[in-house]
Protein chains: 2
Amino acid sequence: MATDTLSLTFSALADPTRRAILARLADGEATVTELAEPFEISLPAISRHLKVLETSGLISRGRSAQWRTSRLEPAPLAEVNAYLETYRRFLGSSFDRLAEHLRRVQEESGHPLDDTHGDRTADTTRTTTPTRTTDTDEDER
Amino acid sequence: MATDTLSLTFSALADPTRRAILARLADGEATVTELAEPFEISLPAISRHLKVLETSGLISRGRSAQWRTSRLEPAPLAEVNAYLETYRRFLGSSFDRLAEHLRRVQEESGHPLDDTHGDRTADTTRTTTPTRTTDTDEDER
DNA sequence: CAGTTAATTAACGTTCTGGTTAAATAATAG
DNA sequence: CTATTATTTAACCAGAACGTTAATTAACTG
């Protein structure tokens, strides 16, 4: 695996379980067992997810008696945001309009922060680039 | 690998080579050989990176004679942006201040879009959460 | 058609991921 | 000290990721 911060952050975010954990942590700190509760996987598995999140800096951890608490940390998310900034300027309006639309869709269907994101949020893909230049946009094979 | 869009996008973005390819594509469409030029890895490897990017929707591909062109697509990045929105609201000011700072730092050092992001952008991590609650913030072991 | 250029697919090896169960560690409670 | 609760580490496994080289496909060129 690449070892730079962005790569670590993106690959940490690439797992639905870990994203769900982060969503949970947005509601406040929690212990390992609490975080594990919604999932069917074993505690050691959760423990390792937490280690991945910690390594990427997305969470920090503390101890209260025999409990290890996890807390959401803003820095890596802010860095992702900064990364997007580049493309936000480049892609211009379509970017923000799409994001705005996706945000609204996301809000409609249930609690905004309690997702595992198993959906497709279709109907937005490839409907926003009217500036054709060279190609034919077909798929290979 | 998880098959939902966000997971696909995040894991596509988790690779520095792929991010560099996207950065290159922000300057306009390019062929496979052109995209491969800055890297030391083989052409088949690049070809597969492109397939990953295509699968996640981050790029679309067309054909011009024997050349396959790749083009940056905004939708997945917009979706990432929408994902962050959730936390942007939650994390409040620190989020944007951090992002703003990171953006500035990023701008200073060279061409904004031509990065492989091998740096650490230190000095921002964990300096922004004054709201302690329970724990001691020590590391384990 | 034969040859060249561009890109992909096939086959293969190594390393990383994400899960499991069993054992070990940490801290509290009796 | 012993037991209990919370969490991590160890050992293991299956599958995915990412690289390689060799072979194949696609499209143009003479």
Side-chain angles (χ1 to χ4, degrees), chain A residues 1-4 7-21 25 29-56 58-71 116 134-136 138-141, chain B residues 1-4 7-21 25 29-56 58-71 116 134-136 138-141:
Chain A
M1 191 225 290
T3 48
D4 63 280
S7 296
L8 283 176
T9 302
F10 280 132
S11 80
L13 291 172
D15 186 283
T17 302
R18 287 194 289 264
R19 287 200 305 278
I21 288 174
L25 289 176
E29 298 192 357
T31 67
V32 178
T33 326
E34 283 166 1
L35 291 171
E37 197 272 322
F39 306 103
E40 298 210 318
I41 64 180
S42 68
L43 218 44
I46 297 290
S47 192
R48 288 224 302 224
H49 279 305
L50 291 175
K51 172 147 287 181
V52 172
L53 290 170
E54 186 183 18
T55 300
S56 74
L58 280 160
I59 66 170
S60 62
R61 317 191 63 188
R63 203 190 295 277
S64 275
Q66 70 253 233
W67 296 276
R68 305 282 328 252
T69 55
S70 299
R71 177 176 47 209
T116 316
T134 324
D135 61 357
T136 41
E138 244 91 79
D139 278 329
E140 80 278 276
R141 180 143 277 212
Chain B
M1 190 225 288
T3 49
D4 63 280
S7 297
L8 283 177
T9 302
F10 280 132
S11 80
L13 291 172
D15 185 283
T17 302
R18 287 195 288 264
R19 288 201 304 280
I21 288 174
L25 288 177
E29 300 193 356
T31 67
V32 178
T33 326
E34 283 166 1
L35 290 172
E37 197 273 320
F39 305 103
E40 297 209 319
I41 64 181
S42 68
L43 216 46
I46 296 291
S47 193
R48 289 225 301 230
H49 279 306
L50 291 174
K51 173 148 285 179
V52 171
L53 291 169
E54 185 182 19
T55 300
S56 74
L58 281 160
I59 66 170
S60 61
R61 317 192 64 190
R63 202 191 294 276
S64 276
Q66 70 252 232
W67 295 277
R68 306 281 329 252
T69 56
S70 297
R71 177 174 47 209
T116 317
T134 326
D135 61 357
T136 41
E138 245 89 83
D139 280 331
E140 79 279 275
R141 184 146 276 222

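Throughout, protein chains are lettered first and strands after them, A, B, ... in sequence-line order, and every chain is numbered starting at 1. Predicted model only: the values in this text are computed from it and were never measured.
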In this structure, how many angstroms lie between the [atom2] atom of [N] and the [atom1] atom of [X], rounded?
X: B:E37; N: C:dA6; atom1: CD; atom2: C1'; answer: 16 Å
X: B:L35; N: C:dA6; atom1: CG; atom2: P; answer: 14 Å
X: B:L50; N: C:dA6; atom1: CG; atom2: C1'; answer: 13 Å
X: A:E34; N: D:dT5; atom1: CD; atom2: P; answer: 17 Å
X: A:K51; N: D:dA10; atom1: NZ; atom2: C1'; answer: 12 Å

Sequence neighbours left out, cut at 3.5 Å: what donor-acceptor pairs do the side chains of residues 38-49 of chain B make with other protein atoms?
| unit_1 | atom_1 | unit_2 | atom_2 | d |
| --- | --- | --- | --- | --- |
| B:S42 | OG | B:A45 | N | 3.4 |
| B:H49 | ND1 | B:R18 | NH1 | 3.1 |

Yes or no on side-chain contact (heavy atoms from CB on, under 4.5 Å) for B:E54 and B:L50, after CA distance, side-chain angles and deciding distance? CA-CA 6 Å; B:E54 185 182 19; B:L50 291 174; over 6 Å; no

Approximate separation, where rounding is to 0.5 Å, of [X] [atom1] and [Y] [atom2]:
X: A:L13; Y: B:S7; atom1: CG; atom2: OG; result: 9.5 Å
X: A:T69; Y: A:L25; atom1: OG1; atom2: CG; result: 9.5 Å
X: B:I59; Y: B:L53; atom1: CD1; atom2: CG; result: 5.0 Å
X: A:S70; Y: A:E29; atom1: OG; atom2: CD; result: 8.0 Å

Excluding sequence neighbours, so at least two apart, what forms side-chain contact (heavy atoms from CB on, under 4.5 Å) with A:E34? A:R24, A:A30, A:T31

When you compare the protein's N or O atoms with those of nucleotides 27-30 of chain D, which come within less than 3.5 Å of each other, and at what distance?
| unit_1 | atom_1 | unit_2 | atom_2 | d |
| --- | --- | --- | --- | --- |
| D:dC28 | O4' | B:Q66 | NE2 | 3.4 |

Check whether any side-chain N or O of B:R61 sits under 4.0 Å from OP1 or OP2 of C:dT8, and answer yes or no. yes

What does the list of N/O pairs under 3.5 Å between the protein and nucleotides 16-20 of chain C look like, with a distance for each?
| unit_1 | atom_1 | unit_2 | atom_2 | d |
| --- | --- | --- | --- | --- |
| C:dG18 | OP1 | A:R18 | NH2 | 3.3 |
| C:dG18 | OP2 | A:R18 | NH1 | 3.1 |
| C:dG18 | N7 | A:R48 | NH2 | 2.9 |
| C:dG19 | OP2 | A:H49 | NE2 | 2.4 |
| C:dG19 | N7 | A:R48 | NH2 | 2.6 |
| C:dG19 | O6 | A:R48 | NH1 | 3.2 |
| C:dG19 | O6 | A:R48 | NH2 | 2.9 |
| C:dT20 | OP1 | A:S42 | N | 3.4 |
| C:dT20 | OP2 | A:S42 | N | 2.8 |
| C:dT20 | OP2 | A:S42 | OG | 2.5 |

So which nucleotide from D:dT8, D:dT9, C:dT8 ends up closest to the side chain of B:V32?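 Nearest to the side chain of B:V32 among the choices is C:dT8.
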
Which atom names give the shortest non-hydrogen contact between B:T17 and B:D15, and what distance separates them? N-OD1, 2.8 Å

